[in-house]
Chemist: 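Okay, here's the structure, questions in a sec.
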Amino acid sequence: MKSSIYISNKKIQVFGYNGSGKSAQIVKYAGIDLPEQAVINGIPLDAASVKAKLTELRSNNPDMFAGASLTIDSSSIFTKRVSVPVLQNWQNLDVARKELADFSDSGEELTYDYSLYTTGGERSLLACALKRSVIETYLDIFKDAGIKLDSIHVGLDLIIQYVKNDPKLSSGIIALNIVDEVSIFSLLFENGNYTFSRRTRIFAETEDEFSSRLLQNMTALVQFNKDLSTSYFVGVSPEIIAKLREIKPDYMEIDVQKLTLPIPGTLGAEATSCVFPYFGATATATNVNFLKAYKDSFKKQKTTRFKPVYIIPIVVVALALLFFGFLKIQQIGIEKENRDMEAYLSDPQNIATKELVAEKQKEIDFLRVIKSQLDEKQMNYAAAAKPSPEVLLFLASMRQGSVEFRTIDFSAAERKFIIGCTSGTQLEASSYVSRIENYKDFDRVAYVGYSDEAGKGFFFSLEIILK
């Protein structure tokens, strides 16, 4: 029996299963509570406690760990969806590196991997990156716990795969909401094509408050796609679903449904709400696997060894060629340099590079204007409260397509940006938000309003709270 493991902030959850991919069958569940703050946002902070709990699980369930996979769902995993043509594997990995290379803070080395999806003729690449130190921490924990770890998967990647393989979920415009004790992870799909996701913390003490928070989140998702037709929820009770349908305004024509995963009810209520261990059991070789990517990054290229039999004749010939070729090389050297220079200046790629430099210079000029606007306000705040130039550069560099800034204001007291933006389409706006929301210096990114004026483009506003 193989095991699929998920480690949340509060608990280690394990499914024992047989088979693989869509044919995986869940046959056993085991779970154990973690000490407070042993794991935060998918990152082990108290490795000793996690190792001790894993060891206890393995001792109590020796039949479940013939082969183990770990699924991580965390905002610490950098992800980006990119449209790509048909490429070779190394080219796809190069795309992932280039798209996510700037996401690491403190220059810490990342491990990169990707998965590919094709929907309606469009080929998409989900680029993923995770700090090497996180992978190494998990490897040490599992090794010390006596569990052989075969793969490390990404929650988002597995969810996208599941939606694409489910006919009910892969048609129309739907939202999939995965709810746990303190947060909700919402994803938007258009005919099975992943377009956007957001994470929201939930602060609620009563069932009514909890339902209201879920409704607020559902209302916010409508801002990203006004044609949203069905909102599915995982990890909530039937009573919460009924409450949502009851308090949902009449004008909100969205069907609210509970999504039930094929987890045997005989394993108990706790098991049926374990989303990520189930998705981990359905993983295939095409999914992101940070463990394989980590190991592959250490493989050295094979070098070709030459036998020394013909070394002396080769050296003699080489010296002769070098002697007679020296004069010829001197003669044509200047002419070759001139031709190379002409070729360089006329090369379309180098012309494009110069245009890119010019575009980056425009961004630098833009940042100088923004800085002067902030300075002119003469805001009274400590130096430590000022937004760093890196934040402004990040906001500007993440723009793509027709996304432009119209206004930008910063409140020192609240450590908050209010940015007025324009874009050609609503999709470009939501894509921009998804690219910036996991930045290391941002505590929260809210999409607080929009309007669509015919012939003038799409207007939207962002509220960004700094850490």
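Remember, it's a predicted structure, so these values are computed and weren't measured experimentally.
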Chemist: So which atom in Ile72 and which in Gly42 form the shortest heavy-atom distance, rounded to 0.1 Å?
Modeler: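 Looking at all heavy atoms of both residues, the shortest contact is CG2-O, 4.3 Å.
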Chemist: If you measure from the Lys or Arg side-chain nitrogens to the Asp or Glu carboxylate oxygens, is any gap between Asp73 and Arg199 under 4.0 Å?
Modeler: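 Salt bridge between Asp73 and Arg199, a charged N being under 4.0 Å from a carboxylate O: yes.
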Chemist: Classify the ring geometry between Phe224 and Phe196 as parallel (under 30°), tilted (30 to 60°) or perpendicular (over 60°).
Modeler: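 Plane angle under 30°, so parallel.
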Chemist: Can you tell me if Gln25 has over 12 outside heavy atoms packed within less than 6.0 Å of its CD?
Modeler: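 No.
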Chemist: Check Asp441 with Lys467, please: is the shortest side-chain N to carboxylate O separation under 4.0 Å?
Modeler: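 No salt bridge links Lys467 with Asp441.
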Chemist: Would you call Lys10-Asp33 a salt bridge at under 4.0 Å N-O?
Modeler: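 No, Lys10 and Asp33 are not salt-bridged.
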Chemist: Donor-acceptor pair, Asp113 side chain versus Val288 backbone, under 3.5 Å?
Modeler: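 No; judged by distance alone, with no hydrogens or angles, the pair does not exist.
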Chemist: Assess the side chains of Asp208 and Ser211: does a donor N or O sit below 3.5 Å from an acceptor N or O?
Modeler: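 Side-chain D/A pair, Asp208 to Ser211: absent.
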Chemist: Can you see whether Glu122 engages Tyr117 through a side-chain donor-acceptor pair at a distance of less than 3.5 angstrom?
Modeler: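 No.
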Chemist: Can you list the steps and then say if Asp157 with Ser115 is a side-chain hydrogen bond (donor to acceptor under 3.5 Å, both in side chains)?
Modeler: CA-CA 7 Å; Asp157 177 42; Ser115 59; 2.7 Å; yes
Chemist: Would the number of heavy atoms belonging to other residues, nucleotides or ligands and lying under 6.0 Å from CD of Glu253 be above 12?
Modeler: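 It does not: Glu253 CD has 12 such atoms or fewer within range.
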Chemist: Under 3.5 Å, is there a donor-acceptor pair linking the side chains of Tyr194 and Ser197?
Modeler: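 A pair is found: one side chain offers a donor N or O, the other an acceptor, under 3.5 Å apart.
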Chemist: If I compare all heavy atoms of Phe15 with all of Cys274, which pair ends up nearest, and what's the gap?
Modeler: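 Smallest interatomic distance, heavy atoms only, reads CE1-O, 3.6 Å.
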Chemist: Could you go through the side-chain hydrogen bond (donor to acceptor under 3.5 Å, both in side chains) check for Arg213 and Thr200 one step at a time?
Modeler: CA-CA 10 Å; Arg213 298 294 185 272; Thr200 306; over 6 Å; no
Chemist: With a 3.5 Å cut-off and no angle check, do the side chains of Asp255 and Gln257 form a donor-acceptor pair?
Modeler: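 Yes, a side-chain donor-acceptor pair sits under 3.5 Å.
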Chemist: I'd like to know if the side chain of Lys164 and the backbone of Thr118 have a donor-acceptor N/O pair within less than 3.5 Å.
Modeler: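 Yes: the side chain of Lys164 pairs with the backbone of Thr118.
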Chemist: Is the terminal nitrogen or CZ of Arg123 (NZ for Lys, CZ for Arg) located under 6.0 angstrom from the six-membered ring centre of Tyr114 and within 45° of that ring's axis?
Modeler: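 No, cation not above the ring by the 6.0 Å, 45° rule.
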Chemist: Which atoms form the tightest heavy-atom contact between Ile464 and Ile436, and what is the distance?
Modeler: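 Here Ile464 and Ile436 meet closest at CD1-CD1, 4.1 Å.
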Chemist: May I ask you to check whether Asn193 and Arg81 show a side-chain donor-acceptor distance below 3.5 Å?
Modeler: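 Arg81 and Asn193 do have a side-chain donor-acceptor pair below 3.5 Å.
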Chemist: Check this for me: Lys98, atom NZ, are more than 12 non-hydrogen atoms of other residues, nucleotides or ligands nearer than 6.0 Å?
Modeler: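 No, NZ of Lys98 has 12 or fewer neighbouring heavy atoms, counting only those of other groups under 6.0 Å.
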Chemist: With a 6.0 Å cut-off (strictly less than), is the heavy-atom count around NZ of Lys292, excluding the residue itself, greater than 12?
Modeler: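 Atom NZ in Lys292 is not packed in, count stays at 12 or less.
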Chemist: So, Asn41 versus Ser74: side-chain donor-acceptor pair below 3.5 Å or not?
Modeler: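 Judged by distance alone, the side chains do pair up.
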Chemist: Looking at Gly16 and Met64, what are the two nearest heavy atoms and their distance?
Modeler: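 So the minimum-distance heavy-atom pair works out to N-CE, 3.3 Å.
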Chemist: Please assess Asp140 against Thr137 for the test side-chain hydrogen bond (donor to acceptor under 3.5 Å, both in side chains), listing each intermediate value before the final yes or no.
Modeler: CA-CA 5 Å; Asp140 290 340; Thr137 298; 5.9 Å; no
Chemist: Identify the two heavy atoms, one from Arg198 and one from Ala220, that lie closest to each other, and give their separation to 0.1 Å.
Modeler: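 Reported closest heavy-atom pair: NH1-CB, 3.3 Å.
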Chemist: Any donor-acceptor pair under 3.5 Å linking the side-chain atoms of Ser231 with those of Asn177?
Modeler: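 Looking only at side-chain atoms, Ser231 and Asn177 do form a donor-acceptor pair, the distance falling under 3.5 Å.
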Chemist: Going by the angle between their ring planes, with limits at 30° and 60°, are Phe298 and Tyr294 parallel, tilted or perpendicular?
Modeler: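 Judged by the thresholds at 30° and 60°, the geometry between Phe298 and Tyr294 is perpendicular.
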Chemist: Mind telling me whether Phe276 and Tyr6 have parallel, tilted or perpendicular rings, with 30° and 60° as the class edges?
Modeler: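 The rings of Tyr6 and Phe276 sit tilted, inter-plane angle from 30° to 60°.
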Chemist: Which residue pairs satisfy the salt bridge (Lys or Arg N to Asp or Glu O under 4.0 Å) criterion with at least one member in residues 37-57, sequence neighbours excluded?
Modeler: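 For residues 37-57: none.
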Chemist: Val403 and Ser423: which non-hydrogen atoms are nearest, and at how many Å?
Modeler: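 Smallest interatomic distance, heavy atoms only, reads CG2-CB, 3.9 Å.
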Chemist: Looking only at side-chain N and O atoms, does Asn191 offer a donor or acceptor that is under 3.5 Å from a partner on Ser171?
Modeler: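 The criterion, which ignores hydrogens and geometry beyond distance, is not satisfied for Asn191 and Ser171.
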Chemist: Are any of the side-chain nitrogens in Glu463 or Lys416 under 4.0 Å away from the carboxylate oxygens of its partner?
Modeler: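 Lys416 and Glu463: salt-bridged.
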